[in-house]
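Okay, structure first, notes after.
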Number of protein chains: 4
Amino acid sequence: MILNLDPRSNTPIWEQVVHQIKELILKEILQPEDKLPSVRELSGTLLINPNTVSKAYQELERQGIIETLRGKGTFVSASITPRADEQKIAEMKQQIKQLVIDASYLGIDQQTLTLWIKKFSDELGGHNDHVKND
Amino acid sequence: MILNLDPRSNTPIWEQVVHQIKELILKEILQPEDKLPSVRELSGTLLINPNTVSKAYQELERQGIIETLRGKGTFVSASITPRADEQKIAEMKQQIKQLVIDASYLGIDQQTLTLWIKKFSDELGGHNDHVKND
Amino acid sequence: MILNLDPRSNTPIWEQVVHQIKELILKEILQPEDKLPSVRELSGTLLINPNTVSKAYQELERQGIIETLRGKGTFVSASITPRADEQKIAEMKQQIKQLVIDASYLGIDQQTLTLWIKKFSDELGGHNDHVKND
Amino acid sequence: MILNLDPRSNTPIWEQVVHQIKELILKEILQPEDKLPSVRELSGTLLINPNTVSKAYQELERQGIIETLRGKGTFVSASITPRADEQKIAEMKQQIKQLVIDASYLGIDQQTLTLWIKKFSDELGGHNDHVKND
DNA sequence: GTGGTCTAGACCACT
DNA sequence: GTGGTCTAGACCACA
């Protein structure tokens, strides 16, 4: 598995790993029940510390996105049910608010933002039915 | 000046101060040439250390949003010109991509996101002419 | 007397005043024995604090460039003798070194720097004989 | 790493650190990708507070000269691109003007200034190709 | 181990 | 009065 990691980014590497695995699942490149590379293997190919991969896997498991079967390995969960966690939604709203503010100061208007949202949605879209509940 | 700070948040306090002052300016609660509270005063009302406020002010100054007149105090810049920093725009796109992914896992669809963007834009909108260039 | 002061600059206002009066003298706009405006008058026209003007005058007097006659006012010194203060020359060298370094990082080469030096020298030049000793 | 710090200088210590590291890089004593001493280590050898070193490093990073990899340390940027910041160039011109004026009062003529510029340029020169773009 | 954040408290220059 | 600098010492997240 190849991920695009930027060690200079502000987002911690383990979080980048989480993000990109979530993306691979949405794009159905990783499908339910698929086996993930072992911590050691992934840390080897990504040239990062095993602890970092481990932390990423733990976070993904906490979110119910992957599951560890002892002695067998780590797998994408068979069914990922979106849970409308009140608190997380509040956080997301807050994040969007900040996004709009930052965009303002960069001279980016609402229309452009909406356009980008649509663009990225389409990139993922179509086959992420097992996650979306509509 | 009253700001809403959450010491348990992941975003550092100085950054929360930066964010909220930028918001106050967009909402024109703080207007160009207005004097900001002194470092000591604000640190007093917010119950945080003066150095923390100072760091926030310095960051805002570096962004060209406020100006400090030595011995006199700190003021909102007369004209805030949005600069379309290539790198920051790239970061913002990346952030939006991540937002869309996270939203997916929370069961939030594109339409809802767009709606929220519009909502927050409207909250700020109308009177932020000195920042937006359209 | 009109001076060009920038309250946002990093250089303190009193220092800007010192600089510009020295410049006016080099350009012979202010000539030896000329009377300078009083502290009160200058602080009035420049819209700055009298203490600030006072500090500038004190510094100029310390440098032997102006003289105060009690009850009569402040005057440009009759003869300004350049003193090759070892320490100040060392400081100047240090300053030039830093200038060359900073220029490097701005992509400005030695030739351009030299050109600018010449330009500013010419702007002052020709009639600053009462200061230069060659 | 040994730096020459003067606690009595007007220029703040953190800025002296910034200056001297920039100089070391120009002289290629510090080369691209080289690891800088850790904040704690440098603060130890320089006998200054870690926060002061930290501030210097942060400033250097903001200038794109060094990069920090979280948990790993701080490194000289692989490629340092000189950016001709309009405002900074204007400041530099202003600084040069002031330099010429001060030189006049010290009895230093244009020729000497030019000579010094050349001298310092040569001291740095020859191997600063990764910064200069000519 | 690394850097980042925050606090407390001191001193200084500028206006 | 203002902000800027520096120190001392603490805690935390990241790798």
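Every value quoted in this text rests on a predicted model; they were computed, and no experiment measured them.
For Ser43(A) (side chain) and Val39(A) (main-chain N/O), a donor-acceptor pair under 3.5 Å exists by modelled atom type. Under a 3.5 Å cut-off, the side chain of Thr74(C) and the backbone N or O of Leu36(C) do not form any donor-acceptor pair.
Within the 4.0 Å cut-off from OP1 or OP2 of dG3(F), not a single side-chain nitrogen or oxygen of Gln58(B) is found. Between dG3(E) and Arg70(D), no contact under 4.0 Å exists linking OP1 or OP2 to a side-chain N or O. Thr52(D) has a side-chain polar atom (N or O) that falls below the 4.0 Å cut-off from OP1 or OP2 of dT7(F). Between Lys55(B) and the phosphate of dC6(E), there is no side-chain N or O to OP1/OP2 separation shorter than 4.0 Å. A close approach under 4.0 Å does not occur between any side-chain nitrogen or oxygen of Thr68(D) and OP1 or OP2 of dG3(E). When the side-chain nitrogen and oxygen atoms of Ser38(B) are compared with OP1 and OP2 of dT2(F), one or more of them lie within a distance under 4.0 Å.
Out of dC14(F), dA15(F), dC14(E), the shortest distance to the side chain of Asn49(A) is found at dA15(F). Closest to the side chain of Asn51(D), out of dT5(E), dT5(F), dG4(F), is dT5(E). Here the side chain of Lys72(B) is nearest to one of dG4(E), dG3(F), dT15(E), namely dT15(E). Which of dT15(E), dT2(F), dG4(E) sits closest to the side chain of Glu61(D) comes down to dG4(E). The side chain of Tyr57(B) lies closest to dG3(F), out of dA15(F), dC6(E), dG3(F). Side chain of Val39(B), nearest nucleotide from dG3(E), dC14(E), dG3(F): dG3(F). With dT15(E), dG3(E), dC14(F) as the choices, the nucleotide that has an atom nearest any side-chain atom of Trp14(C) turns out to be dT15(E).
Note that CD of Gln94(B) is 7.5 Å distant from OG1 of Thr11(A), once rounded to the nearest 0.5 Å. Remark: Met1(D) CE to Thr45(D) OG1 distance equals 7.5 Å, nearest 0.5 Å. In this structure, CG on Leu3(D) lies 11.5 Å from CD1 on Ile13(D), to the nearest 0.5 angstrom.
Scanning residues 3-13 of chain A for heavy-atom distances under 4.0 Å to DNA chain F yields Pro12(A), Ile13(A).
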(message) Is there a side-chain contact (heavy atoms from CB on, under 4.5 Å) between Val17(A) and Val53(A)? Walk through the geometry before answering.
(response) CA-CA 7 Å; Val17(A) 173; Val53(A) 177; 5.6 Å; no
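We find that CG of Leu46(C) is positioned 13 Å from P of dT15(E), with the value rounded to whole Å. Between Glu59(C) atom CD and dA13(E) atom C1' there is a gap of 14 Å when expressed in whole angstrom units. In this structure, CZ of Phe75(B) is placed 13 Å from P of dT15(E), rounded to the nearest angstrom. To the nearest angstrom, P of dG4(F) lies 12 Å from CG of Leu60(B).
The 5' end of DNA chain F is approached more closely, in terms of each residue's nearest nucleotide, by Lys35(B) than by the other of Lys35(B) and Glu15(A).
Of the candidates Lys27(D), His19(D), Gln20(D), Lys27(D) is the only one forming a side chain to side chain donor-acceptor pair (under 3.5 Å) with Glu23(D).
Judged by atom type and distance alone, Arg40(B) reaches the base of dG3(F) through a side-chain donor-acceptor pair under 3.5 Å.
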(request) Dot-bracket for DNA chain F, please, read 5' to 3', with Watson-Crick or G-U wobble pairs under 3.5 Å on both distances, ( ) within the strand, [ ] crossing, | other strand, . unpaired. (result) ||||||||||||||.
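Taking the charged nitrogens against the carboxylate oxygens, Lys88(C) and Glu91(C) have no contact shorter than 4.0 Å, which rules out a salt bridge. Using a 4.0 Å cut-off between a side-chain N of Lys or Arg and a carboxylate O of Asp or Glu, Arg8(D) and Asp6(D) qualify as a salt bridge.
Counted by atom type alone, Glu59(B) and Gln63(B) present one or more donor-acceptor pairs between their side chains at under 3.5 Å.
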